[in-house]
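This report refers to the structure that appears directly beneath it.
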2 protein chains.
Amino acid sequence: MRTTIQRKVILEQLQTHVDHPGADTIYSEVRQVLPRISLGTVYRNLDVLANKGIIQRLEVGGDHAHFDPNPEIHPHFFCTRCRRVSDLKWKNGQSPAWTDIIEAESLEGLVIDGGSLVLEGVCSDCSAKDK
Amino acid sequence: MRTTIQRKVILEQLQTHVDHPGADTIYSEVRQVLPRISLGTVYRNLDVLANKGIIQRLEVGGDHAHFDPNPEIHPHFFCTRCRRVSDLKWKNGQSPAWTDIIEAESLEGLVIDGGSLVLEGVCSDCSAKDK
DNA sequence: CTGAATGCAAAGCCTTTGCATACGG
DNA sequence: CCGTATGCAAAGGCTTTGCATTCAG
């Protein structure tokens with residue numbers, strides 16, 4: 001993997017986020033540093049970084065992909081108001097065994113490579129705006 | 001909600017599936033019964049049915065939406081080979097309390113309306129093809 | 001009758017891709 | 001130098017939408 005300035009800035013920009021933005025957000029932010037960067041380059045790099053296991057691509061919310069600078073599998077929260085994705089934490093610091101939650105019979109014959117747990121609702125910022 | 005023949009056939013067709021197809025699959029199947037139905041009508045009806053809580057729209061796999069005739073929240077399995085979505089079952093027949101799995105502190109201030117648990121890997125059909 | 005639903009086609013969005021050019025190692 | 005990465009623009013795939021027409025209640 002070649003170290004280009006674009007790749008470096010994209011990764012650093014993503015790492016400044018506590019939420020998990022889409023490619024478009026990263027694009028407009030990175031453009032303030034590299035005005036000539038293209039959206040295609042942002043997509044290609046986020047893809048490369050995710051495939052290398054340096055970041056994580058999240059399929060949440062349905063409209064567009066979200067990117068998480070932390071590649072470890074952990075639960076997420078999706079706010080249906082502001083459509084932002086944020087982190088949750090496993091109880092006791094580690095992912096539960098799936099067999100503790102899911103009926104063994106329904107898992108028969110399957111090879112499990114990963115999983116995702118996403119809760120959805122309204123975040124505290126959006127709840128506050130109701131008042 | 002008006003009962004049109006299109007809506008009826010779309011729902012019945014979805015209910016014949018044990019997997020959770022996309023709108024395109026439903027479209028081509030329903031067209032064998034109603035050759036003049038449009039893809040737009042399929043999308044609109046799946047949307048109406050999901051909003052009424054009669055079916056469920058799943059955001060899984062990233063490429064397109066999947067529809068589940070069962071509106072109850074339950075875990076799913078996504079096969080990365082054939083890209084099909086199938087059902088899993090909660091252990092003991094019911095969803096675990098999220099607080100049993102997720103650290104309470106990270107849930108603070110959030111209003112939780114729902115959740116989704118998706119495991120991914122290779123289904124038994126696809127594993128069998130490896131041999 | 002009257003508004004909700006349909007068919008058709010166009011438009012929208014996010015994402016990917018082809019190609020010539022630039023550049024990192 | 002060589003092959004990866006970029007910029008640009010076009011194309012792709014899924015989904016939504018505008019509009020005139022049809023149809024359920």
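Every chain is numbered from 1 and lettered A, B, ... according to where its sequence line falls, protein lines coming before strand lines.
Across the interface with DNA chain D, nearest-nucleotide mapping of Asn45(A) and Tyr43(B) shows Asn45(A) to be the residue nearer the 5′ end. Each of Met1(B) and Phe67(B) lies near DNA chain D, and the nucleotide nearest Phe67(B) is the one positioned closer to the 5' end. Of the two residues near DNA chain C, His66(A) and Arg2(B), the one whose nearest nucleotide lies more 5' is Arg2(B). Nearer to the 5' terminus of DNA chain C, by closest-nucleotide assignment, is the contact made by Ile10(B) (compared with the other of Ile10(B) and Gly40(B)).
At least one side-chain nitrogen or oxygen of Thr4(B) sits closer than 4.0 Å to the OP1 or OP2 atom of dT6(C). Look at Thr3(A) and you'll find a side-chain N or O under 4.0 angstrom from OP1 or OP2 of dG25(C). Gln6(B) has no side-chain polar atom (N or O) that falls below the 4.0 Å cut-off from OP1 or OP2 of dC23(D). For the pair Thr41(B) and dG7(C), the criterion of a side-chain N or O lying under 4.0 Å from OP1 or OP2 is met.
With rounding to whole Å, Ile5(A) atom CD1 is found 17 Å from dT4(D) atom C1'. Rounded to an integer number of Å, the gap from Arg36(B) CZ to dT6(C) C1' is 11 Å. Between Leu39(B) atom CG and dA10(C) atom P there is a gap of 15 Å when expressed in whole angstrom units. Taking atom OH of Tyr27(A) as the reference point, atom P of dT16(C) lies 16 Å away to the nearest angstrom. Across the protein-nucleic acid pair, Lys8(B) atom NZ and dA5(C) atom C1' stand 17 Å apart, rounded to whole Å. Note: NE2 (His64(B)) to P (dT16(D)) measures 14 Å, nearest angstrom. A straight line from CG of Leu46(B) to P of dC14(D) spans 15 Å, rounded to a whole angstrom. Atom CZ of Arg7(A) and atom C1' of dT4(D) are 8 Å apart (whole Å).
When heavy atoms are screened at a 4.0 angstrom cut-off, Asp47(B) is found touching no nucleic acid atom at all. At a threshold of 4.0 angstrom between heavy atoms, the contacts of Ile37(A) are confined to the sugar-phosphate backbone, with no base atom among them.
By the 4.0 Å N-to-carboxylate-O rule, Arg57(A) lies too far from Asp68(A) to be salt-bridged with it.
In this structure, Arg83(B) and Phe78(B) have side chains that are in contact, with non-hydrogen atoms separated by less than 4.5 Å. With a 4.5 Å cut-off on side-chain heavy atoms, Leu117(B) and His76(B) do not count as touching.
For Arg44(A), the side-chain atoms get nearest to dT6(D) when compared with the rest of dT6(D), dT15(C), dG25(C).
No hydrogens or angles considered: nothing links the side chains of Ser124(A) and Ser127(A) as a donor-acceptor pair under 3.5 Å.
No more than 12 heavy atoms of other residues, nucleotides or ligands shown are found within 6.0 angstrom of CD on Gln94(B).
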